[in-house]
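To start, the structure under review is shown below, and the notes come after it.
In what follows, chains carry the letters A, B, and so on, assigned in the order in which the sequence lines appear, proteins first and then strands, with residues in each chain numbered from 1.
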Amino acid sequence: MVLMVDSRQLETTDQGFLVKTAEWNEAVAVQLAALNQITLTEAHWEIILFMRHYYLQFKHLPNARVFTKAIAKEFGEEKGNSRYLHRLFPEGPLKYTCKLAGLPKPPTCL
Amino acid sequence: MKYAIQINASPYHSSAGQTAYQFINAALALGHEIFRVFFYHDGILHAFKHATPPDDELQLTQRWTELAKHHQIDLVVCISAAQRRGLLCLDEAQRQGKQEDDLAEGFRISGLGQWVEATLIADRLITFG
Amino acid sequence: MKHYLFVLRKPAHSGIYLQETLDIILTTAAFDQKVGVLLLDDGVFYLKKGQHPEKSNMKDTATIFKALALYDVDDIYTERESLMDRGLNAADLCLSVQVIDRKDIANLMTQFNIIISG
């Protein structure tokens, strides 16, 4: 599948994840959010940008439990819990955070 | 004593799974409890329903199914290890156009949290392979 | 809470065994358990400096180790003799680790409830 952003053609997987992490920018996130019926707020950006930084820094895709813990460590328990994260990404916080951050599909453990 | 068992090796690459199976039977015979058996790494290959070894070889997957049935043993396959190796949970199998999953009877697919829980509840964790 | 010691002994970049082991280590830590990691034998190569696994299409697993501290996994141990046998010392590793003499490993293990060999 191909995603068009600012007249750039970006390759995506059959589940809509960016194939090349390096092609991501914020305009790509906005486009992917719209395609997935997510209205981006500051709260979304905080999680998306953290996860992108985390992956580029550690080359690690966490599972859901580990992801939630990482958010708690970075932003505190009031954000590092599945209730808060599901409010932002109702269809799956880890999956959609990674998708909008231009990262590969994470493992589905937990 | 309450045991948690972890099996990491494929049934075709090592006899670790068979040793685990014998250990579990011996432990049960002595009145111990097996809280859970967790299949990780290549250990998930124990749970493929359609594995069909020749008749003169040990039908280990079938043995696990019978063990689960007779002793209500919780056989848990790690979802990410399984997915990596093509043993899909029902949702993913259907998304990929398959009618059903490939999981043998008596096994269930779940996450690593089940491993942590088992190690917290059991008196001993024993890993095979 | 229990104390877990994961003992890693296999060489680096031999299949996905290490990635899956790091997943179990990180998940255990994410469940607020106390976790230590001991690199023994060929396991010391996991943290060898100057790796370029991406050139062979392999995961940069040494970098994943750097995430451990985020989850409060701060106790990474290695055995002095395992390093020496391979011509290495602690300065050859990309993370700071606690170097333990072989004679003290058994005593280290007594501090943990659960020891997982990988």
Side-chain angles (χ1 to χ4, degrees), chain A residues 11 13 17-24 46-86 88-89 92-98 101-110, chain C residues 1-2 4 6 8 12-37 45-76 93-97 116 118:
Chain A
E11 201 187 335
T13 67
F17 287 80
L18 219 55
V19 171
K20 294 194 180 97
T21 298
E23 290 182 338
W24 184 91
E46 183 174 72
I47 305 295
I48 291 168
L49 293 174
F50 167 75
M51 195 55 211
R52 183 153 178 98
H53 179 69
Y54 175 93
Y55 181 76
L56 295 180
Q57 190 181 6
F58 299 126
K59 312 284 170 63
H60 176 245
L61 287 171
N63 60 37
R65 176 75 189 209
V66 173
F67 166 69
T68 306
K69 187 56 150 189
I71 299 294
K73 288 283 177 192
E74 181 72 14
F75 300 112
E77 297 284 341
E78 69 277 10
K79 292 179 178 173
N81 66 76
S82 66
R83 201 157 16 95
Y84 174 84
L85 294 168
H86 266 98
L88 296 178
F89 303 99
L94 173 60
K95 182 174 171 185
Y96 284 87
T97 298
C98 286
L103 304 177
K105 187 172 81 140
T108 50
C109 237
L110 298 181
Chain C
M1 187 165 89
K2 288 188 177 178
Y4 295 71
F6 291 87
L8 310 184
H13 308 300
S14 44
I16 48 94
Y17 193 88
L18 177 59
Q19 276 128 278
E20 290 188 330
T21 300
L22 284 167
D23 281 345
I24 214 166
I25 291 171
L26 288 165
T27 304
T28 305
F31 275 91
D32 301 316
Q33 304 303 308
K34 184 159 173 48
V35 175
V37 177
F45 286 120
Y46 287 149
L47 292 180
K48 173 82 175 62
K49 272 182 189 163
Q51 300 179 33
H52 299 285
E54 63 283 356
K55 289 185 177 166
S56 308
N57 292 314
M58 287 185 289
K59 282 287 279 189
D60 183 358
T61 44
T63 297
I64 302 178
F65 273 91
K66 294 174 187 165
L68 290 173
L70 181 66
Y71 305 94
D72 300 325
V73 181
D74 299 313
D75 294 325
I76 302 179
L93 306 184
C94 64
L95 261 187
S96 101
V97 298
I116 301 103

Identify which one of C/D23, C/T63, C/L22 satisfies the side chain to side chain contact (heavy atoms under 4.5 Å, CB included) criterion when paired with A/H60.
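So, applying the side chain to side chain contact (heavy atoms under 4.5 Å, CB included) to A/H60 and each of C/D23, C/T63, C/L22, only C/D23 qualifies.
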C/Y71: partners by ring pair (Phe, Tyr, Trp, His ring centres under 6.0 Å), with sequence neighbours left out:
none
Closest approach of [X] to [Y] (non-hydrogen atoms, all atoms of both residues):
X: A/A70; Y: C/L70; answer: CB-CD2, 4.2 Å
X: C/K59; Y: A/K59; answer: NZ-O, 2.9 Å
X: A/Y54; Y: C/A67; answer: OH-CB, 4.0 Å

Do C/K66 side-chain atoms and A/Q57 backbone N/O form a donor-acceptor pair below 3.5 Å?
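A pair under 3.5 Å: no.
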Evaluate the side-chain proximity of C/L26 to A/K69: yes if any heavy-atom separation is below 4.5 Å, no if none is.
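Contact flag for A/K69/C/L26 side chains = no.
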Heavy-atom distance under 4.5 Å to chain C: side chain of A/K73, backbone, both or neither?
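The answer is the side chain of A/K73.
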Mind checking what makes side chain to side chain contact (heavy atoms under 4.5 Å, CB included) contact with C/K49, not counting sequence neighbours?
C/C94
Just wondering, are more than 12 heavy atoms of other shown residues or ligands nearer than 6.0 Å to NE2 in A/H53?
no
